[in-house]
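One structure below.
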Amino acid sequence: MIKSYKDLTVYKRSFKAAMDIYRMTRNFPKEEVYSLTSQIVRSSRSISANISEGWAKRTFELVFKQHLINSLGSCAETETWLDFALECQYIDNETHNRFITELDQIGKMLNKLHQNWTNHEKRKT
C-alpha cells in the first residue's frame with residue numbers, strides 16, 4: 001500500500017538518480033560550477049521534487065498529474081545536460097548511457113503513473 005510519495009518506486013529511483021548525478025558532477029571542472037553543473041543537478045533534483053510536491057496535492061487529480069508532467073520535462077532536460085556533459089568530455093559513453101537508460105525508465109514510470117492515476121477520494125463518492 002502506498003502511504004507516501006516515498007513509497008513510490010519512481011520517486012525512489014528518481015531521487016537515487018539525482019544523487020548519483022550530483023556525485024558525478026563533483027568531477028566536473030570548477031569553471032562549470034555555475035553553468036552545466038548547476039543546471040544538471042537542479043534538473044535532476046526537480047524530477048523527484050515534483051513528484052513529492054504533486055503528491056501533497058494529489059486530491060486534486062489534475063494538479064498531481066501536472067506535477068508528473070513537470071517531472072517528465074525535468075527528465076528530458078536532464079538528458080540534454082547529460083548530452084552536453086558527454087560532448088564536453090566530462091563523462092564517458094558508458095556513464096552517459098547508464099544515466100540515459102535510467103532516466104528513460106523513470107520517464108516510462110512517470111507516464112504510466114500519469115495514465116493510471118485516479119483520485120481515490122473521488123471514487124468513494
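For reference, positions follow the sequence shown, starting with 1.
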Within the 3.5 Å criterion, strictly below it, is a donor on T80 or E77 matched to an acceptor on the partner's side chain?
no
Any R58 side-chain heavy atom under 4.5 Å of W117 side chain:
yes
Are more than 12 heavy atoms, taken from residues, nucleotides or ligands other than Q89, located less than 6.0 Å from that residue's CD atom?
no
Under 4.0 Å between a side-chain nitrogen and a carboxylate oxygen: does that hold for R98 and E94?
no
Does F60 belong to the same Ile/Leu/Val/Met/Phe/Trp/Tyr cluster as I69, with side-chain heavy atoms less than 4.5 Å apart forming each link?
no
Give the other cluster members for L62, using side-chain heavy-atom distances under 4.5 Å between Ile, Leu, Val, Met, Phe, Trp and Tyr residues; answer none if it is isolated.
none
Report the C-alpha distance between L68 and W55 in whole Å, list the side-chain angles of each, state the deciding distance to 0.1 Å, and finish with yes or no for side-chain contact (heavy atoms from CB on, under 4.5 Å).
CA-CA 9 Å; L68 297 177; W55 179 266; over 6 Å; no
Does a side-chain heavy-atom distance below 4.5 Å link V33 with S38?
no
So CG of L82 and CG of L86: to nearest 0.5 Å the spacing works out to 9.0 Å
Any idea which heavy atoms bring S71 and L110 closest together, and the distance?
CB-CD1, 3.6 Å
Side-chain heavy atoms nearer than 4.5 Å, only ILVMFWY residues, links allowed to pass through others: does that put Y34 and L36 together?
no
Any side-chain to backbone donor/acceptor pair from T95 onto I91? Under 3.5 Å, distance only.
no
Working to the nearest 0.5 angstrom, can you tell me the gap between S52 OG and L8 CG?
10.5 Å
Would you check, one step at a time, whether the test side-chain contact (heavy atoms from CB on, under 4.5 Å) holds for I47 with Y11?
CA-CA 8 Å; I47 302 165; Y11 172 83; over 6 Å; no
So I100 and D83, side-chain contact (heavy atoms from CB on, under 4.5 Å) or not? Walk me through it.
CA-CA 9 Å; I100 294 295; D83 292 345; 4.3 Å; yes
With sequence neighbours left out, write down each residue that passes side chain to side chain contact (heavy atoms under 4.5 Å, CB included) with K3, or none if nothing qualifies.
M1, D7
Audit row: D104, K108, side-chain contact (heavy atoms from CB on, under 4.5 Å) steps and yes/no:
CA-CA 6 Å; D104 183 57; K108 288 177 182 177; 3.4 Å; yes
Spacing of I40 atom CD1 and T25 atom OG1 [to the nearest 0.5 Å]
7.5 Å
Report yes if some heavy atom in the side chain of R13 is under 4.5 Å from a heavy atom in the side chain of L103; otherwise report no.
no
Hey, could you give me the CD1/CZ distance between I106 and F15, rounded to the nearest 0.5 Å?
12.5 Å
Should the pair F28 and Y90 be assigned to parallel (<30°), tilted (30 to 60°) or perpendicular (>60°) ring geometry?
tilted
Flag the pair S14 / I51 as yes when at least one side-chain heavy-atom distance between them is below 4.5 Å, and no otherwise.
yes
State, with a plain yes or no, whether a side-chain heavy atom of T37 is found less than 4.5 Å away from one of R26.
yes
Applied to residues 66-87, the ring pair (Phe, Tyr, Trp, His ring centres under 6.0 Å) test, sequence neighbours excluded, yields W81-F84
Is a side-chain donor-acceptor pair under 3.5 Å present for N70 with Q66?
yes
Can you tell me how far SG of C75 sits from CE of M109, rounded to the nearest 0.5 angstrom?
10.5 Å
Value rounded to 0.5 Å, distance of CD1 in I21 from CZ in R23:
10.5 Å
Looking at S44 and V41, what are the two nearest heavy atoms and their distance?
OG-O, 3.0 Å
Got L113 and F64 here, is their nearest side-chain heavy-atom distance under 4.5 Å?
yes
